S.K.: 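To start, I am sharing the structure in question, which I have written as structure tokens.
Numbering of ligands and ligand atoms starts at 1, following listing order. Start at 1 with the first residue, then count along the sequence. Values below: every heavy atom of this structure, side chains too, minus hydrogens, waters and symmetry copies. The model shown is predicted, which means the values in this text are computed figures rather than measured ones.
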Amino acid sequence: MFNGNCITCHHPTKTISAPAVVEFKERYMNAFRDKDEFVSYMATWVEHPKAETSLMHDAIEKHELMPELGFDKEMLKIICEYIYETDFTKKDVEYWRD
Ligand code: HEC
């Protein structure tokens, strides 16, 4: 789900048309050490992206606000848990096609 839906815009480690996954993950990790808080805040944000609650105002200025994708909240939580658990800095992130 993450692979099909998020990496079209978010490369694991490179900032191209949107911030890299490692970049927004680090931002959220710094704000929320706790997994539940991390997942809950991120899933809520991705459900309805808003500038006011963004942790990345610099990214919005650079790339514009992320569009609303219309995903179900439960699915977003699963995706955000996956983001929390996965080490995207590993070189063999097999799903990314350059
Ligand atoms: C159509 C392109 C696009 C897709 C698809 C996309 N994003 Fe984004 N996303 C962006 C852009 C551009 C930004 C940077 C601007 C911003 O923060 O709104 C961003 C920012 C973010 C942020 C930082 C939020 C903040 O605090 O500002 C998170 C977290 C995020 N995306 C998660 C996801 C997840 C999870 C998915 C898949 C379910 C996803 N994105 C799919 C374009 C996309």
S.K.: Between M75, E64, M56, flag the one that comes closest to atom 15 (C) of ligand 1 by a heavy atom.
M.R.: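 Nearest heavy atom to atom 15 (C) of ligand 1 lies in E64.
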S.K.: Under 4.0 Å between a Lys/Arg side-chain N and an Asp/Glu carboxylate O for D58 and R27?
M.R.: yes
S.K.: Using a strict 4.0 Å cut-off to heavy atoms of H63, name the atoms of ligand 1 that fall inside it.
M.R.: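 Counting from 1, the qualifying ligand atoms are 12 (C).
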S.K.: Looking at ligand 1, does any of its N/O atoms fall within less than 3.5 Å of an N/O of S54?
M.R.: yes
S.K.: How close do K25 and I83 get, heavy atom to heavy atom, and via which atoms?
M.R.: NZ-O, 3.0 Å
S.K.: What closest approach, in Å, do C80 and A43 show between heavy atoms, and which atom pair accounts for it?
M.R.: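 In terms of heavy atoms, the two residues are closest at SG-N, 3.6 Å.
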S.K.: Do the rings of Y28 and F38 sit parallel, tilted or perpendicular, given the 30° and 60° boundaries?
M.R.: perpendicular
S.K.: Does an N or O anywhere in S17 fall below 3.5 Å from an N or O of ligand 1?
M.R.: no
S.K.: Determine whether the side chain, the backbone, both or neither of P67 has a heavy atom under 4.0 Å from any heavy atom of ligand 1.
M.R.: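 It is the side chain that touches ligand 1; the backbone stays farther off.
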S.K.: Which atoms of ligand 1 sit under 4.0 Å from any heavy atom of W45?
M.R.: 16 (C), 17 (O), 18 (O), 21 (C), 22 (C), 24 (C), 25 (C), 27 (O)
S.K.: What is the closest protein heavy atom to atom 16 (C) of ligand 1, and at what distance does it sit?
M.R.: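 Answer for atom 16 (C) of ligand 1: I60 CG1, 3.3 Å.
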S.K.: Suppose I only count heavy atoms of A18 and a 4.0 Å limit; which atoms of ligand 1 are within that range?
M.R.: 10 (C), 11 (C), 12 (C), 42 (C)
S.K.: Polar contacts were defined as any N/O atom of the residue lying under 3.5 Å from an N/O atom of the ligand; does this apply to L55 and ligand 1?
M.R.: yes
S.K.: Heavy atoms only: which of F2, F71, F24 lies closest to atom 29 (C) of ligand 1?
M.R.: F24
S.K.: Considering non-hydrogen atoms of the protein only, which is the closest contact for atom 5 (C) of ligand 1, and what is the distance?
M.R.: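 Residue, atom and distance for the closest contact: N5 O, 3.3 Å.
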S.K.: Could you tell me which atoms of ligand 1, counted from 1 in the order shown, lie closer than 4.0 angstrom to a heavy atom of I83?
M.R.: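 Once the distances to I83 are compared, the set is 35 (C).
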S.K.: Any N/O/S atom, side chain or main chain, of H10 closer to atom 8 (Fe) of ligand 1 than 2.8 Å?
M.R.: yes
S.K.: What distance do K50 atom NZ and T44 atom OG1 have between them, rounded to the nearest 0.5 Å?
M.R.: 9.0 Å
S.K.: Which one holds for L69 and ligand 1: side chain close, backbone close, both close, or neither close, with close meaning a heavy atom under 4.0 Å?
M.R.: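 Answer for L69: side chain.
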S.K.: Relative to the heavy atoms of M42, which atoms of ligand 1 are at a distance of less than 4.0 Å?
M.R.: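 Selected atoms, number and element: 29 (C).
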S.K.: Number the atoms of ligand 1 from 1 as they appear, then name those within less than 4.0 Å of a heavy atom of T8, with their elements.
M.R.: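 That gives atoms 5 (C) of ligand 1.
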S.K.: Quick check: closest heavy atoms across C6 and I79, and the distance to 0.1 Å?
M.R.: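 Shortest heavy-atom separation between C6 and I79 comes out as SG-CG2, 4.0 Å.
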S.K.: Measure the acute angle between the ring planes of F88 and Y82, then classify it against the limits of 30° and 60° as parallel, tilted or perpendicular.
M.R.: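 Correct class here is perpendicular.
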S.K.: Is it the side chain, the backbone, both or neither of L65 that has a heavy atom closer than 4.0 Å to ligand 1?
M.R.: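 Answer for L65: both.
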S.K.: For atom 37 (C) of ligand 1, find the nearest protein heavy atom and state the residue, atom name and distance (0.1 Å precision).
M.R.: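 Answer, as residue, atom name and distance: C6 SG, 1.8 Å.
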S.K.: Is the closest N or O pair between P19 and ligand 1 shorter than 3.5 Å?
M.R.: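 Among all N and O atoms of P19, none is under 3.5 Å from an N or O of ligand 1.
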S.K.: Can you list the atoms of ligand 1 that are under 4.0 Å from a heavy atom of C9?
M.R.: 1 (C), 2 (C), 3 (C), 4 (C), 5 (C), 42 (C), 43 (C)
S.K.: Measure across A31 and L55 and return the closest heavy-atom pair with its distance rounded to 0.1 Å.
M.R.: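 Result for this residue pair: CB-CD1, 3.9 Å.
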S.K.: Given the side-chain rings of F32 and Y84, with only the six-membered ring counted for Trp, is the space between their centroids under 6.0 Å?
M.R.: no
S.K.: Over all heavy atoms of both residues, which pair between E68 and E47 is shortest? Give the atoms and the distance, please.
M.R.: CG-O, 3.1 Å
S.K.: I want to check something: taking the side chain as every heavy atom from C-beta on, are I78 and F2 in contact at a cut-off of under 4.5 Å?
M.R.: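 No. Closest side-chain heavy atoms not under 4.5 Å.
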S.K.: If you look at every heavy atom in P19 and M56, which pair is closest and at what distance?
M.R.: CB-CE, 4.0 Å
S.K.: What protein heavy atom sits nearest atom 42 (C) of ligand 1, and how far away is it?
M.R.: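 Going atom by atom, the protein heavy atom closest to atom 42 (C) of ligand 1 ends up being M66 CG, 3.6 Å.
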S.K.: Less than 4.5 Å apart, any side-chain heavy atom of F24 and any of M42?
M.R.: yes
